[in-house]
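Following: one structure in structure tokens, then a few remarks.
Whatever order the structure lists ligands and atoms in, that order sets their numbers, starting from 1. Numbers here are sequence positions counted from 1.
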Amino acid sequence: MDKKWDLIIIGGGPGGYVAAIRGAQLKQKVLLVENHKIGGTCMNYGCIPAKYLLHQTKIYKDLKANKNLEGPLKDIKCNWKRVQEEKSRAVERLVKGLEFLLQKNGVKIINGMGLIKGNNQVSVMPDGEDEQVFDAEKIILATGSRPAELPFLRPNGKEIVTSREALELEDIPRRMIVIGAGAIGLEMGTIYQRLGSEVSILEILPTVLPGSDKETVKRLERILKAQGLHVYTQMKIESSQIKDGKVFVKGTSLESQSPFEFEAEKVLLAVGRSPNSEGLSVKESGLSMDDNRWVRVNPQLETNIPGTYAIGDLIGGKLLAHKASHEGLVAVENATGENKEMCYKALPMAVYTDPEFSSVGLTEEEATEKGMRIQTGLFPLQANGRALTLGRQEGMVKIIADECDLVIGAHVLAPNASEFISEIILAMSKGLKVQEMSSSIHIHPTLSEAVMEAALKVKNEAIHILNV
Ligand SMILES: Cc1cc2nc3c(=O)[nH]c(=O)nc-3n(C[C@H](O)[C@H](O)[C@H](O)COP(=O)(O)OP(=O)(O)OC[C@H]3O[C@@H](n4cnc5c(N)ncnc54)[C@H](O)[C@@H]3O)c2cc1C
């Protein structure tokens, strides 16, 4: 294999592989180093398998809840083994497609652990083979993250698991405790609750999805509880014990100051992620990291080592696949001569509960804390015709504008919120005003009409609710 490359990328997840394809499009000779599976966490152990399981269990749940069906519905079972097989097939298909795409773009893939040395060199340790050292004009680090652990609750792959094992449980546990009510905790809890597990979600902070718009997540919490998830906030876990195949989790409620104890066959640890930065560079390379080992970058995504960039989960912030991919594009374009700054103003996120929660920009609390004079428009889905036809009226769309009417944030609870929030993302990234959003014609009946109505409500001009 050639020893000299224009661009070497370490890590083949959504950050690294997108950067590799764009690099090849920009006529770079690209080497992509991956020590496990192309597609990274997202394709193999994250976004894709989780969404497959969420979709399948939603079909099962919706069928059982549909009051208009007749026949022996109680006999319908979820064939979990088959669901797992089909999920693996879907993942495999995506990974194969991606490998094909990389190859057709001329990206060379090498399997092995990558590590940066000084002098723009990358060392690769292929499994069972000798070290190979390559020279690179530019380097992009995209090694992602792994589940974080608690000192008194360590995953053992059996009773205490991370999302990785939780996506592949062979049996449905009778009881499951989920530690952490972030996106992963809520999605995994939802999957197993739909399959019949009694799921308790314990969160140390006062709301689910900490840091999100309070009004919106309070409503989500109510909906999830009504669906049968046991959600407990302000729960500080202090110890755990495994006995006879069960885990006992003890702690103190920060609200009542009283002790609690929960017991389950499975505990899913979903308390955040840690960067894969250990062993990524030799000490002498001097790669700069913060106290928690997230790699430091400047607004152009360059690390303290000139010509070496870092992207994706490895640099922290919101740990999202589309953030990693966008950073991949910015980093590779900067590596080939541009001078672009990464802008996170309109970085969206979604949680695939039912209804979905999707959000972009500032929360009401963040805007107020910044001293901004804001205007908000909230439109409940009770007044949306499409939501009624879907039997899903518990959600809402909330739009926040600044005093000049510019859209600065939106928080949506609705079926397919992750799809139709794109309209608001575009409005935000192009600096549109609420009037520009509300004056475009929306198809009837759609959930996106609620976006138009929420934008109208900002100016107290909504049509389908009273503007009081
Ligand atoms: C259960 C779950 C569900 C999720 N759902 C969503 C979702 O719906 N939407 C969303 O946006 N995000 C979601 N995420 C987050 C998303 O998966 C990550 O943000 C995303 O994968 C980060 O991309 P990345 O390229 O930075 O890193 P990764 O995807 O982690 O890829 C890094 C790659 O680098 C490789 N690697 C590590 N070290 C080395 C080394 N030294 N040498 C060579 N290779 C190395 C790893 O094997 C890995 O393949 C989810 C995550 C989980 C766990």
Sequence neighbours excluded - salt bridge (Lys or Arg N to Asp or Glu O under 4.0 Å) pairs with any residue from residues 39-50: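 For residues 39-50: none.
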Charged N-O contact under 4.0 Å between Lys4 and Asp135: yes
Sidechain N-carboxylate O distance under 4.0 Å for Lys81, Glu85: yes
Face-on cation placement of Lys87 at Tyr52 ring, 6.0 Å and 45° thresholds: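 That pair does not qualify as a cation-pi contact.
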Cation-pi check, Lys58 onto Tyr60 ring (under 6.0 Å, within 45° of axis):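 The answer is no; the distance or angle limit is not met.
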Residues in contact with ligand 1, criterion: heavy atom under 4.0 Å: Ile10, Gly11, Gly12, Gly13, Pro14, Gly15, Val33, Glu34, Asn35, His36, Lys37, Gly40, Thr41, Cys42, Tyr45, Gly46, Cys47, Lys51, Gly112, Met113, Gly114, Ala142, Thr143, Gly144, Ser145, Ser163, Ile184, Arg273, Gly312, Asp313, Leu319, Leu320, Ala321, His322, Ala324, Tyr352
Residue pair Gln300 / Asn334, side-chain donor-acceptor N/O under 3.5 Å: no
